[in-house]
Amino acid sequence: MNILVTTDSKWAIGKNGKQFVNIPENDKLIRQETEGKVVVMGRLAYALFENAFSLGKRKLIVLTNDKKFDKKNVQCVYSVDELLEELKQYNSEDIFIVGGASVFEQLLDKCDVVHLTKINYSYEADKYFPNLDENAAWKITNRSDEKTYFDLEYEFIQYEKVK
């Protein structure tokens, strides 16, 4: 399985349920990577990303405790065990976890690849992604050149689990 995540320089992913910034090139890459694939997210992440993933052909799965949560064209699962059972029918490389923080925390050890957009800036935050640079189970396998969006510098980094 894959994770798609954007962090700042201190591995922060958001504050008050919001992302820090939308980078068009990053958004385009995420849409391309997930087209025709399975996208897994929590309920709050779904509220944030609903429009981004509703276009195109994707299988959307929302992991939530809210049994009343019901959205058209979205499959809901209510536990990690139920999610993992559902995901058995798909190729692991076709599954993308897109957030939020609690979903990342619950599924990171089940994933093989993390596609990280790293912003060279430090935001005030309340949600973080684990620092893979300090985790011997992960190694960088690909890194883009530095890119800019207005005055914001960022890069795409791919981490793979050490086998």
>> For a 4.5 angstrom cut-off between non-hydrogen side-chain atoms, does Pro130 reach Leu108?
In response: yes
> Going by an N to O cut-off under 4.0 Å, is there a salt bridge joining Lys161 and Asp109?
Replying inline: no
>> Restricting to non-hydrogen atoms, name the atom on Gly100 and the atom on Ala45 that form the minimum distance, rounded to 0.1 Å.
In response: N-CB, 3.6 Å
> With sequence neighbours left out, what residues match Tyr159 under ring-ring contact (aromatic ring centres under 6.0 Å, His included)?
Replying inline: none
>> Within the supplied structure, the quantity of interest is the number of heavy atoms (other residues, nucleotides, ligands) at a distance under 6.0 Å from Tyr121 OH; does it exceed 12?
In response: no
>> What's the separation between atom NZ in Lys118 and atom CG in Asp8, rounded to the nearest 0.5 Å?
In response: 7.5 Å
>> Under the ring pair (Phe, Tyr, Trp, His ring centres under 6.0 Å) test against Phe20, which residue among Tyr149, Tyr123, Tyr154 passes?
In response: Tyr123
>> Let me check something: do Ile3 and Tyr90 share a hydrophobic cluster, defined by ILVMFWY side-chain heavy atoms less than 4.5 Å apart, either directly or through other members?
In response: yes
> Which is it for Glu35 and Lys57 under the salt bridge (charged side-chain N to carboxylate O under 4.0 Å, His left out) test, yes or no, and what are the steps along the way?
Replying inline: CA-CA 6 Å; Glu35 182 76 23; Lys57 294 182 165 98; over 6 Å; no
>> Would you say that Leu4 contacts Leu29 through its side chain, given a criterion of any heavy-atom pair below 4.5 Å between the two side chains?
In response: no
>> Quick check: is Leu107 connected to Trp11 through a chain of hydrophobic side chains (ILVMFWY, heavy atoms under 4.5 Å apart)?
In response: yes
> Which value, rounded to the nearest 0.5 Å, describes the distance between Ile13 atom CD1 and Ile119 atom CD1?
Replying inline: 11.5 Å
>> Does either side chain, that of Gln158 or that of Asn142, offer a donor lying less than 3.5 Å from an acceptor on the other one?
In response: no
> Under 6.0 Å from the CD atom of Glu124, do we count more than 12 heavy atoms belonging to anything else shown?
Replying inline: no
> With distance as the sole test, does Asn2 use its side chain to make a donor-acceptor pair with the main-chain N or O of Asp94 at under 3.5 Å?
Replying inline: no
> Is there any salt bridge (Lys or Arg N to Asp or Glu O under 4.0 Å) pair reaching into residues 131-145, and which pairs are they, with sequence neighbours excluded?
Replying inline: Arg143-Glu155
> Any chance NZ of Lys127 has more than 12 other-residue heavy atoms, nucleotides or ligands included, within less than 6.0 Å?
Replying inline: no
> Does the side chain of Asn65 reach to within under 4.5 Å of the side chain of Arg43, using non-hydrogen atoms?
Replying inline: no
>> Tell me if the centroids of the rings in Phe69 and Tyr46 come within less than 6.0 Å of each other.
In response: yes
> For Glu86, which of Val38, Ile61, Val40 qualifies under side chain to side chain contact (heavy atoms under 4.5 Å, CB included)?
Replying inline: Ile61
>> With clusters defined by side-chain heavy atoms of hydrophobic residues (ILVMFWY) lying less than 4.5 Å apart, directly or transitively, does Ile95 cluster with Val77?
In response: yes
> Residues two or more places apart in sequence or in another chain: which of them pass salt bridge (Lys or Arg N to Asp or Glu O under 4.0 Å) with Lys88?
Replying inline: Glu85
>> With side chain to side chain contact (heavy atoms under 4.5 Å, CB included) as the test, pick out the partner of Met41 among Leu60, Leu63, Ile97.
In response: Leu60
> For the atom pair OG (Ser144) and CD1 (Ile157), what is the distance rounded to the nearest 0.5 Å?
Replying inline: 7.5 Å
>> Using a 3.5 Å distance criterion without hydrogens, assess whether the side chain of Asn135 forms a donor-acceptor pair with backbone atoms of Ala137.
In response: yes
> Atom CG of Asn26 and atom CZ of Arg31: how far apart are they, to the nearest 0.5 Å?
Replying inline: 9.5 Å
>> What I'd like to find out is whether the side chain of Thr117 reaches to under 4.5 Å of the side chain of Ile30, using heavy atoms alone.
In response: no
> Shared ILVMFWY cluster between Leu87 and Val80, side chains joined below 4.5 angstrom?
Replying inline: yes
>> Give me the atom names and distance for the closest heavy-atom approach of Asn16 to Asp126.
In response: N-OD2, 3.0 Å
>> If I compare all heavy atoms of Ser122 with all of Lys10, which pair ends up nearest, and what's the gap?
In response: OG-CD, 3.4 Å
> Cation-pi between Lys147 and Phe156: NZ/CZ under 6.0 Å from ring centre and within 45° of the ring axis?
Replying inline: no
> Are Leu48 and Val62 connected, step by step, through hydrophobic side chains (Ile, Leu, Val, Met, Phe, Trp, Tyr) whose heavy atoms are closer than 4.5 Å?
Replying inline: yes
> Which of parallel (below 30°), tilted (30 to 60°) and perpendicular (above 60°) describes Phe104 and Phe129?
Replying inline: perpendicular
> Just how far is it from atom CD of Glu146 to atom CD of Glu153, taken to the nearest 0.5 Å?
Replying inline: 4.0 Å
> Hey, are the side chains of Val21 and Thr6 touching, using non-hydrogen atoms and a 4.5 Å cut-off?
Replying inline: no
